[in-house]
Visitor: 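The structure's right below; bear with me while I get my questions together.
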Amino acid sequence: MTKNDAPKSTNFIHQIIEQDLQQNLNDGKVVTRFPPEPNGYLHIGHAKSICLNFGTALKYGGECNLRFDDTNPEKESQEYIDSIIRDVRWLGFEWAGEVKYTSDYFQQLYDWAVHLIKEGKAYVDHLNAAEMREYRGSLTEAGRNSPYRDRSVDENLSFFEQMKKGELEEGTCSLRLKIDMASPNINLRDPVIYRIRHAHHHQTGNDWCIYPSYDFAHGQSDALEGITHSICTLEFEDHRPLYDWLIENLPVPVVPRQYEFARLNLNYTITSKRKLKQLVDEKHVTNWDDPRMPTISGLRRRGYTPAAIRQFCDMIGVTRSNGTVDMAMLESAIRDDLDANAPRAMCVTRPLKVTLVNYEEGKEEWFELPAHPKDESMGARSVSFGRNLLIEQEDFEEVAPRKWKRLAAGEAVRLRGAYVIRCEEVIKNAEGEIIELKCSYDPATKGANPEGYKANGVIHWVNADRSVPCEVRLYDRLFTEANPEADKDKSFLDFMNPESLVVLADARAEPGLKDQAAETNYQFERLGYFVVDPDSTEEKMVFNRTVTLRDSWAKIQNN
RNA sequence: AGGGGUAUCGCCAAGCGGUAAGGCAACGGGUUUUGAUCCCGUCAUGCGGAGGUUCGAAUCCUCCUACCCCUGCCA
């Protein structure tokens with residue numbers, strides 16, 4: 001992407017940057033970073049952060065790094081790293097230089113820890129986890145100093161060396177900053193900056209058995225990379241004094257500043273990595289890329305486009321106030337993109353047989369229809385017409401309801417791009433279900449209005465003898481409650497939508513849809529936007545419904 | 001009296017002392033061989049509440065209220 005693709009919108013972070021630029025801070029440079037921990041897949045909330053960080057760099061002619069915050073090897077994996085790289089790329093962003101890892105800086109971080117010990121600003125504490133919790137105090141009570149707090153520099157150096165050499169068991173001790181056990185900000189009560197983990201690390205292997213904490217690693221990594229604006233979410237606000245303390249007390253090359261914004265909440269879904277992982281692990285969805293998941297890979301498989309996701313992020317803005325964005329906003333963004341860019345096609349999802357009694361048996365006509373009603377550059381497609389057709393079951397009622405614009409017994413309707421037909425006879429089976437319609441067609445209505453009568457409306461159709469068998473997967477919101485996490489007594493799992501996926505195995509699409517590549521978007525006219533799923537085979541295409549069309553008929557019916 | 005934040009239309013969000021942008025949703029109407037798109041119109045005498053300062057306050061001050069985050073050797 002180029003600067004022209006940068007977000008047009010502005011926000012409080014851009015305002016800060018513009019002030020910094022005016023004062024020529026950081027030599028007029030803007031360097032940001034997107035720092036995911038590789039312990040899960042990226043979701044729509046991350047997209048907000050990605051668009052902010054990369055978009056800001058783009059807007060101000062700066063750079064944005066992709067840095068994996070990999071200080072907790074037990075929860076991380078290469079699979080997540082790969083997926084994150086893939087997703088950021090797919091969203092359309094490019095990072096500066098190589099992909100970076102906090103683990104790249106483990107040696108420097110270690111040296112800085114030694115530096116702090118020598119300065120008397122860090123000490124090895126042999127309190128165990130439970131004791132440490134007790135000494136820490138509470139939200140309303142000050143903590144107490146650890147009995148190990150005043151060890152000599154040499155003693156601390158020696159213990160830290162032992163920690164590093166792997167001579168100590170996990171949990172026996174940790175390295176802590178010596179700040180203030182009585183601070184009202186709990187993050188300043190001698191935070192742990194190194195702990196022992198005899199774990200294999202996905203990047204550094206068995207080189208280390210002590211790992212820096214987030215607080216110790218993050219700001220220093222920012223400084224090492226020359227980050228000017230370190231943007232994170234609101235829950236890190238209380239960590240900022242610690243972030244600044246470390247920058248001030250360490251010989252870092254530059255002084256980055258941390259700014260916080262509100263994370264994204266979207267209704268009818270969840271954006272907790274832990275809970276998304278639970279959905280996958282417990283098989284409530286097929287995988288991280290299940291089209292119902294709010295993950296980037298899920299949205300991708302659902303048929304969302306990078307441009308739509310970026311537009312959504314631009315629409316919702318960046319502030320410091322917590323809120324919940326309406327899913328309709330995301331849907332609006334994808335409809336907007338796909339309306340302009342998706343070719344049109346016809347697909348009958350629940351077929352009802354229509355036989356044209358006055359159409360010659362064995363005859364076939366091919367009609368050229370525009371791929372897009374407004375964009376001629378998208379070209380044309382060919383659809384086959386014949387005596388045996390299929391229409392949508394929903395598009396027929398024996399007795400037309402009020403304002404009905406579809407087919408009814410004895411009445412006429414236009415077949416999109418083809419003729420006007422009239423329903424002459426309704427065939428039912430023994431159970432009284434409608435199984436076929438005998439219709440007549442009006443040969444004079446191809447590209448012309450009928451004479452002496454009016455068609456009710458326009459419906460879609462396919463030629464039963466020349467259509468592509470396909471499976472259509474109708475996806476809907478994953479949860480039935482706007483906020484599935486709100487109920488204190490129930491699990492979010494209790495609010496899963498049983499109809500979040502409805503599979504229609506016997507759908508039929510127009511001929512041109514055969515063998516289309518995965519991720520190709522279409523608008524199935526009158527139904528919605530659909531995308532080719534990678535499960536498609538030569539025998540059977542699979543389409544996922546991305547989102548329905550806006551449906552004013554549904555509104556009329558509900559009133 | 002723990003600390004740190006946030007409150008502007010149903011939702012998101014501009015506004016930065018000069019008289020409430022925009023988007024989403026909703027509701028009317030027009031065009032339409034997609035009940036889509038598109039177009040036109042309606043939608044906060046009001047900015048969490050109460051006081052105060054000011055010629056003038058969503059913007060400044062005071063008090064209050066509600067909600068969010070913080071007691072991992074997670075990030």
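Predicted model, so just to flag it, every value in this text is computed and none were measured. Letters A, B, ... are given to chains in the order of the sequence lines, protein chains preceding strands, and every chain is numbered from 1.
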Visitor: With a 4.0 Å cut-off on heavy atoms, is A:Leu139 in touch with a base, just the backbone sugar-phosphate, or nothing at all?
Guide: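 If one applies the 4.0 Å heavy-atom cut-off, A:Leu139 turns out to touch a base.
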Visitor: Are A:Tyr214 and the base of B:A75 stacked, counting only ring centres nearer than 5.5 Å and planes tilted under 30°?
Guide: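 Base of B:A75: not stacked against A:Tyr214.
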Visitor: Taking the six-membered ring for Trp, is the centroid-to-centroid distance between A:Tyr419 and A:Phe385 below 6.0 Å?
Guide: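 Centroid separation for A:Tyr419 and A:Phe385: below 6.0 Å.
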Visitor: Looking at every strand, decide which applies to A:Arg414 at a 4.0 Å heavy-atom threshold: base, sugar-phosphate, or nothing.
Guide: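 If one applies the 4.0 Å heavy-atom cut-off, A:Arg414 turns out to touch a base.
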Visitor: Within the 4.0 Å heavy-atom criterion, would you say A:Arg416 contacts the bases, only the backbone, or no part of the nucleic acid?
Guide: base
Visitor: Tell whether A:Arg526 reaches the base of B:U34 with its side chain through a donor-acceptor pair below 3.5 angstrom.
Guide: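 Absent.
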Visitor: Can you tell me if A:Arg240 touches the phosphate of B:G4, counting only side-chain N or O atoms and a distance under 4.0 Å to OP1 or OP2?
Guide: no
Visitor: Touch check for A:Asn128, heavy atoms < 4.0 angstrom, all strands: base, sugar-phosphate only, or nothing?
Guide: base
Visitor: Between the base of B:U71 and the side chain of A:Glu141, is there a donor and acceptor pair under 3.5 angstrom?
Guide: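 Not at all, since no donor on one side and acceptor on the other fall under 3.5 Å apart.
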Visitor: Which base sits across from B:U6 as a Watson-Crick or G-U pair, both distances under 3.5 Å?
Guide: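 Across all strands, the one nucleotide that pairs with B:U6 is B:A66.
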Visitor: Provide, to the nearest angstrom, the distance between the CG atom belonging to A:Asn185 and the P atom belonging to B:G2.
Guide: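 Interatomic distance, CG of A:Asn185 to P of B:G2: 16 Å.
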Visitor: With a 4.0 Å cut-off on heavy atoms, is A:Ala328 in touch with a base, just the backbone sugar-phosphate, or nothing at all?
Guide: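 Sugar-phosphate, backbone atoms only, no base.
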Visitor: So, applying ring-ring contact (aromatic ring centres under 6.0 Å, His included) with A:Tyr194, which one of A:Tyr214, A:Tyr211, A:Phe106, A:Phe160 is it?
Guide: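 For A:Tyr194, the ring-ring contact (aromatic ring centres under 6.0 Å, His included) test succeeds with only one of A:Tyr214, A:Tyr211, A:Phe106, A:Phe160, which is A:Phe160.
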Visitor: Taking only N and O in the side chain of A:Lys555, is any of them less than 4.0 Å away from OP1 or OP2 of B:A26?
Guide: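 Looking at the OP1 and OP2 atoms of B:A26, one of them is under 4.0 Å from a side-chain N or O of A:Lys555.
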Visitor: Indicate whether any N or O donor in one side chain lies under 3.5 Å from an N or O acceptor in the other, for A:Asp375 and A:Ser377.
Guide: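 Present: a donor and an acceptor within the cut-off.
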Visitor: Consider the side chain of A:Thr319, meaning its heavy atoms from C-beta on, and name the nucleotide among B:C74, B:G23, B:A13 that approaches it most closely.
Guide: B:A13
Visitor: What is the ring orientation for A:Tyr243 with A:His218, classed by angle as parallel under 30°, tilted 30 to 60°, or perpendicular over 60°?
Guide: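 Tilted: the ring planes of A:Tyr243 and A:His218 meet at 30° to 60°.
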Visitor: How would you label the contact of A:Leu266 with the nucleic acid (heavy atoms, under 4.0 Å): base, sugar-phosphate, or nothing?
Guide: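 Nothing, no heavy atom under 4.0 Å.
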Visitor: Which nucleotide in the list B:G72, B:U33, B:A75 gets nearest to the side chain of A:Val458?
Guide: B:U33
Visitor: Is a donor-acceptor pair below 3.5 Å formed from side chain A:Glu237 to base B:C70, judging by atom type as modelled?
Guide: no
Visitor: Among the nucleotides B:G35, B:C74, B:G2, which one has an atom lying closest to any side-chain atom of A:Glu37?
Guide: B:C74
Visitor: Does any donor atom in the side chain of A:Asn267 or A:Thr324 lie under 3.5 Å from an acceptor atom in the other side chain?
Guide: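 No, because no side-chain N or O of A:Asn267 sits under 3.5 Å from a partner of the opposite role on A:Thr324.
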Visitor: Under 4.0 Å between any heavy atoms, over every strand shown, what does A:Lys273 touch: base, sugar-phosphate, or nothing? Just pick one.
Guide: nothing
Visitor: Between the base of B:U71 and the side chain of A:Arg189, is there a donor and acceptor pair under 3.5 angstrom?
Guide: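 No pair found.
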Visitor: With sugar-phosphate meaning primed atoms plus P, OP1 and OP2, does A:Arg197 contact a base, only sugar-phosphate, or nothing at under 4.0 Å between heavy atoms?
Guide: base
Visitor: With sugar-phosphate meaning primed atoms plus P, OP1 and OP2, does A:Thr324 contact a base, only sugar-phosphate, or nothing at under 4.0 Å between heavy atoms?
Guide: sugar-phosphate
Visitor: Does A:Gly447 reach a base, just sugar-phosphate, or nothing at all? Heavy atoms under 4.0 Å.
Guide: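 Base contact.
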Visitor: With the threshold set at 4.0 Å, does a side-chain nitrogen-carboxylate oxygen contact exist between A:Arg195 and A:Glu170?
Guide: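 A salt bridge is absent here (no side-chain N lies under 4.0 Å from a carboxylate O).
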Visitor: Based on the glycosidic angle (syn within 90° of 0, else anti), state the conformation of B:G17.
Guide: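 That one's anti.
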Visitor: Could you let me know what B:A44 is paired to, Watson-Crick or G-U wobble, both distances under 3.5 Å, or none if it's on its own?
Guide: none
Visitor: In whole angstroms, how far is the P atom of B:G5 from the CZ atom of A:Arg320?
Guide: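 So the CZ-P distance, A:Arg320 to B:G5, works out to 7 Å.
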Visitor: For a quick check of understanding: with a heavy-atom distance under 4.0 Å over all strands, which category does A:Thr10 fall into, base, sugar-phosphate or nothing?
Guide: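 Nothing, no nucleic acid heavy atom in range.
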Visitor: I want to check one thing: is the phosphate of B:A36, taken as OP1 and OP2, less than 4.0 Å away from some side-chain N or O of A:Ser552?
Guide: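 For B:A36, OP1 or OP2 has a side-chain N or O of A:Ser552 closer than 4.0 Å.
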Visitor: Would you say A:Ser321 places a side-chain N or O within less than 4.0 Å of OP1 or OP2 belonging to B:A13?
Guide: yes
